[in-house]
Enquirer: 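This is the structure I have questions about; it appears just below.
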Amino acid sequence: MKRHALIPRSASFRPETLGQNALQLIGNLCFSLFVLGVLAFTIIAATYQPEDPLLHPSTKLTSFLTSKSNATFRSDDSTAHTGDDFLSPNSTSDSASITLSHINSSTKTSSQVAMDSASAVGDEATDSSTSAVCADGPIDCTDTEVFHTMMRAAIEMFRNIHFYRFGKSARGGEDGKSCDMAWRFRPEEAKRAGFYKDYRRFDIVQYANCTYSVVKIGDYHSGINARKKRKTTQGGEFKAKDVADSLSGMVVPLIGEAVNDTLPVVESESKFSSGKYLIYTGGGDRCKSMSHYLWSFLCALGEAQYLNRTLIMDLSICLNSMYSSSNQDEEGKDFRFYFDFEHLRDSTSVLDQLQFWEDWSKWQKKDKLRLYLVEDFKITPMKLAEVKDSLIMRKFGTVEPDNYWCRVCEGETESVILRPWNLIWKSRRLMDIVASIASRLNWDYDAVHVVRGKKAKNTQLWPNLAADTSPDALLSGIRNKIDDGRHLYVATDEPDTTFFDPLKERYTTHFLNDFRDLWDENSEWYLETMKLNNGVPVEFDGYMRVEVDTEVSLRAKKHIETFNDLTNDCKDGINTCRTAS
């Protein structure tokens with residue numbers, strides 16, 4: 001009797017083909033997993049944006065400087081960190097400052113009058129003996145008694161700063177009843193490293209008994225006749241005993257001194273032809289954020305120092321659209337608008353590329369100067385150390401992120417090329433605006449930094465920011481931290497400052513636009529930047545505004561930040577808060 005199978009046997013389940021089909025099934029499964037893995041990796045690689053190391057809070061800066069670098073940056077409209085941010089503000093002792101007792105004891109002792117012509121900030125004084133008969137006519141601003149009277153008046157009036165040096169007084173107005181005097185100072189409880197220079201006009205009266213009195217002291221930088229540094233072989237300034245021109249041996253900014261950021265030139269053909277140069281060209285760094293620009297520029301500067309070559313730099317930079325009023329990238333901005341080129345030029349060897357190419361075209365063929373071209377960022381500076389050619393040119397392509405200048409300093413190079421942060425400081429012209437604002441507030445104010453703008457509108461990334469920075473929430477958040485009646489500087493990206501009117505019930509509020517005369521068409525900043533820009537007026541752009549706003553708030557006696565102090569939202573969006581290490 002013939003038996004029939006209850007289940008028909010398919011060809012694929014036949015014993016002779018079962019092993020082969022199993023292997024094929026496993027192979028298909030493995031291939032599918034491989035394809036899914038490649039797809040996932042591609043998506044992650046295309047969308048991943050590593051943290052911008054330059055935007056770490058100040059407590060993270062030390063670890064940042066020794067951490068691994070990244071080729072890409074998160075766009076952020078905050079300002080870039082510069083070398084002056086890393087300087088310790090407590091590098092000098094307040095005990096070194098000038099007090100009334102120093103002046104009183106020096107009235108009859110001339111030995112405490114410093115004779116340092118190299119850093120004198122005022123006119124040379126003549127140690128004249130005051131006549132026993134009080135003569136009518138103009139005030140003798142070189143008279144020692146007049147000088148001491150002015151110093152006492154300044155110390156008594158400005159109690160929130162520490163004086164470190166007084167320059168000798170110069171004649172003030174044409175009426176002969178005023179004198180100008182400059183001094184170097186630091187704010188009490190200074191939050192930032194460096195010195196400041198002020199020069200003011202003093203209205204002086206002389207009494208019948210030949211004594212003097214100051215009846216009025218002018219505004220910040222009103223004593224223009226005492227501004228210029230005089231080169232003289234004889235002294236005439238008064239400074240605190242043993243006070244140095246730097247802080248603990250560090251070179252620090254001197255804000256308020258006249259800026260001289262003229263471009264360097266090569267003295268002669270022989271000097272040019274014997275020089276060694278490095279230039280970076282092309283690449284994808286242009287028009288990126290200022291943090292990205294600095295990260296790449298400092299890589300180039302670090303390589304130039306490693307190779308002992310002069311860096312040929314393009315002083316024309318592109319301002320990213322996030323900082324421009326047009327919301328478009330803007331070419332033609334000058335490096336000197338944003339950074340202290342005088343400090344960079346005086347600290348290392350750099351040349352403007354326009355001047356360099358002009359000299360190169362004149363002398364390259366005649367003196368048989370050779371160019372060494374490098375088109376692969378993977379060729380490390382260590383491999384270029386033995387190159388003898390006059391010019392090394394690194395040429396970068398068009399594919400991002402491999403065309404970023406900072407790629408040169410990654411990998412094994414990172415432990416060899418150290419970015420010279422100490423060479424990049426903020427523009428002293430911008431910092432002088434900061435000092436002007438702080439001086440108008442008598443260096444005695446508190447500040448709150450309120451971030452709103454686009455972030456407050458994006459509730460998916462910052463769900464609580466709008467509510468936490470509302471006027472009522474602000475009042476509640478700062479009332480226990482800032483005393484009633486204080487001057488409160490509000491640094492903010494909120495365009496409508498009337499939004500903060502409720503704060504006026506408890507504080508005297510100040511905003512950046514309250515001081516717009518410091519950059520308008522009659523200001524020193526406007527005239528100097530227009531001169532740098534070949535007579536074309538320069539806009540006080542978004543980056544400059546954020547820079548000044550931030551720096552004014554950081555110099556306050558009490559400083560409150562939005563993130564960490566006012567809201568629990570993360571600065572870079574939900575789930576991005578950095579934990580303290």
Side-chain angles (χ1 to χ4, degrees), residues 82-84 86-87 118 246 249-254 259-283 285 293-317 334-364 367-374 379-396 405-406 408-409 413 416-428 532:
T82 51
D84 40 346
F86 305 152
L87 298 175
S246 59
M250 295 187 302
V251 178
V252 296
L254 175 55
V259 178
N260 176 17
D261 50 9
T262 55
L263 301 181
V265 294
V266 181
E267 298 175 356
S268 64
E269 177 183 350
S270 60
K271 287 277 188 180
F272 182 86
S273 299
S274 63
K276 301 296 182 183
Y277 308 98
L278 171 70
I279 189 170
Y280 280 36
T281 63
D285 302 278
Y293 167 77
L294 275 186
W295 189 239
S296 285
F297 174 74
L298 283 168
C299 173
L301 193 58
E303 181 179 25
Q305 289 193 318
Y306 174 80
L307 296 174
N308 196 25
R309 288 175 174 264
T310 297
L311 180 67
I312 309 305
M313 59 179 292
D314 184 0
L315 268 75
S316 175
I317 63 178
D334 197 302
F335 180 93
R336 295 170 291 182
F337 296 165
Y338 309 100
F339 305 104
D340 187 346
F341 181 73
E342 181 180 2
H343 171 62
L344 174 63
R345 178 201 66 199
D346 294 347
S347 303
T348 193
S349 184
V350 294
L351 282 176
D352 173 45
Q353 72 168 13
L354 295 178
Q355 180 65 48
F356 172 80
W357 287 125
E358 181 179 331
D359 293 341
W360 180 267
S361 64
K362 286 190 298 185
W363 298 318
Q364 184 260 331
D367 297 335
K368 298 179 181 180
L369 306 180
R370 299 178 60 184
L371 181 151
Y372 188 91
L373 182 64
V374 180
I379 298 177
T380 67
M382 295 79 81
K383 294 179 181 178
L384 300 176
E386 300 302 321
V387 173
K388 303 300 182 183
D389 296 335
S390 298
L391 174 63
I392 295 177
M393 174 187 285
R394 279 195 180 272
K395 188 175 181 180
F396 294 82
W405 293 4
C406 56
V408 173
C409 296
T413 306
V416 178
I417 302 300
L418 301 178
R419 286 176 170 84
W421 290 98
N422 58 305
L423 303 184
I424 301 295
W425 290 350
K426 297 175 181 65
S427 162
R428 283 192 286 124
L532 286 179

Enquirer: Take Phe341 and Leu532 through the side-chain contact (heavy atoms from CB on, under 4.5 Å) test and state the conclusion after the steps.
Expert: CA-CA 12 Å; Phe341 181 73; Leu532 286 179; over 6 Å; no
Enquirer: Which distance, rounded to the nearest 0.5 Å, do you find between the CD1 of Ile279 and the CG of Leu371?
Expert: 9.0 Å
Enquirer: Quick one: CG on Asn422 to OG on Ser347, what's the gap to the nearest 0.5 Å?
Expert: 7.0 Å
Enquirer: Taking all heavy atoms of Pro253 and all of Asp84, pick out the closest pair and write down the distance.
Expert: CG-CB, 4.1 Å
Enquirer: Could you tell me the separation between the CG atom of Leu418 and the CD atom of Gln305, rounded to the nearest 0.5 Å?
Expert: 9.5 Å
Enquirer: In chain order, what residues pass the ring-ring contact (aromatic ring centres under 6.0 Å, His included) check against Tyr280, with sequence neighbours excluded?
Expert: Phe396, Trp405
Enquirer: Return the set of residues passing side chain to side chain donor-acceptor pair (under 3.5 Å) with Asn260 (not counting sequence neighbours), or none when no residue passes.
Expert: Thr262
Enquirer: Do you know the tightest heavy-atom contact between Ile392 and Leu307?
Expert: CD1-CD1, 4.2 Å
Enquirer: Taking the side chain from Asp389 and the backbone from Leu391, do they hold a donor-acceptor pair closer than 3.5 Å?
Expert: no
Enquirer: Are Leu344 and Met313 side-chain neighbours, meaning at least one heavy-atom pair lies under 4.5 Å?
Expert: yes
Enquirer: To check you understand the geometry: which heavy-atom pair defines the closest contact between Phe356 and Ile312, and what is its length?
Expert: CD1-CD1, 3.5 Å
Enquirer: Any pair with a residue in residues 260-278 that passes salt bridge (Lys or Arg N to Asp or Glu O under 4.0 Å), sequence neighbours left out, goes on the list, sorted by first then second residue, please.
Expert: Asp261-Arg429, Glu269-Lys366
Enquirer: Determine whether the interatomic SG-SG distance for Cys409 and Cys299 falls below 2.5 angstrom.
Expert: yes
Enquirer: Among residues at least two apart in sequence or on other chains, which ones pass ring-ring contact (aromatic ring centres under 6.0 Å, His included) with Phe335?
Expert: Phe297, Phe339
Enquirer: Give me the one residue out of Ile417, Leu278, Val350 that meets side chain to side chain contact (heavy atoms under 4.5 Å, CB included) with Leu301.
Expert: Val350
Enquirer: Please name all residues satisfying side chain to side chain donor-acceptor pair (under 3.5 Å) with Gln353, sequence neighbours left out, ordered by chain then number.
Expert: none
Enquirer: Determine the minimum heavy-atom distance between Cys406 and Ser296, stating which atoms define it.
Expert: N-OG, 3.3 Å
Enquirer: For Val387 and Arg309, which heavy atoms make the closest approach, and how far apart are they?
Expert: O-NH2, 3.1 Å
Enquirer: Mind checking side chain to side chain contact (heavy atoms under 4.5 Å, CB included) for Ser390 and listing every partner two or more places apart, or none if nothing turns up?
Expert: Trp360, Leu369
Enquirer: The criterion is salt bridge (charged side-chain N to carboxylate O under 4.0 Å, His left out); which residues satisfy it with Asp367, sequence neighbours excluded?
Expert: none
Enquirer: Not counting sequence neighbours, list each pair that qualifies as a salt bridge (Lys or Arg N to Asp or Glu O under 4.0 Å) and has a residue in residues 340-353.
Expert: Asp340-Arg428, Glu342-Arg428
Enquirer: I'd like to check Trp295 versus Asp285 (side-chain heavy atoms, cut-off strictly below 4.5 Å). Are they in contact?
Expert: no
Enquirer: Going by the rule salt bridge (charged side-chain N to carboxylate O under 4.0 Å, His left out), which residues pair with Lys362 if we only count those two or more places apart in sequence or in a different chain?
Expert: Asp359
Enquirer: Please step through side-chain contact (heavy atoms from CB on, under 4.5 Å) for the pair Tyr277 and Thr310, ending with a clear verdict.
Expert: CA-CA 5 Å; Tyr277 308 98; Thr310 297; 3.7 Å; yes
Enquirer: Drop me the distance from Leu298's CG to Leu423's CG, to the nearest 0.5 angstrom.
Expert: 8.0 Å
Enquirer: Going by the rule side chain to side chain contact (heavy atoms under 4.5 Å, CB included), which residues pair with Ser274 if we only count those two or more places apart in sequence or in a different chain?
Expert: none
Enquirer: With sequence neighbours left out, what residues match Asp334 under side chain to side chain contact (heavy atoms under 4.5 Å, CB included)?
Expert: Leu315, Arg336, Phe337
Enquirer: Check the pair Met382 / Tyr306 against side-chain contact (heavy atoms from CB on, under 4.5 Å), numbers first and verdict last.
Expert: CA-CA 9 Å; Met382 295 79 81; Tyr306 174 80; 3.4 Å; yes
Enquirer: Who are the side chain to side chain contact (heavy atoms under 4.5 Å, CB included) partners of Ser270, not counting sequence neighbours?
Expert: Ser268
Enquirer: Might you point out which heavy atoms bring Arg394 and Ile379 nearest each other, and give the distance in Å?
Expert: NH2-O, 2.6 Å
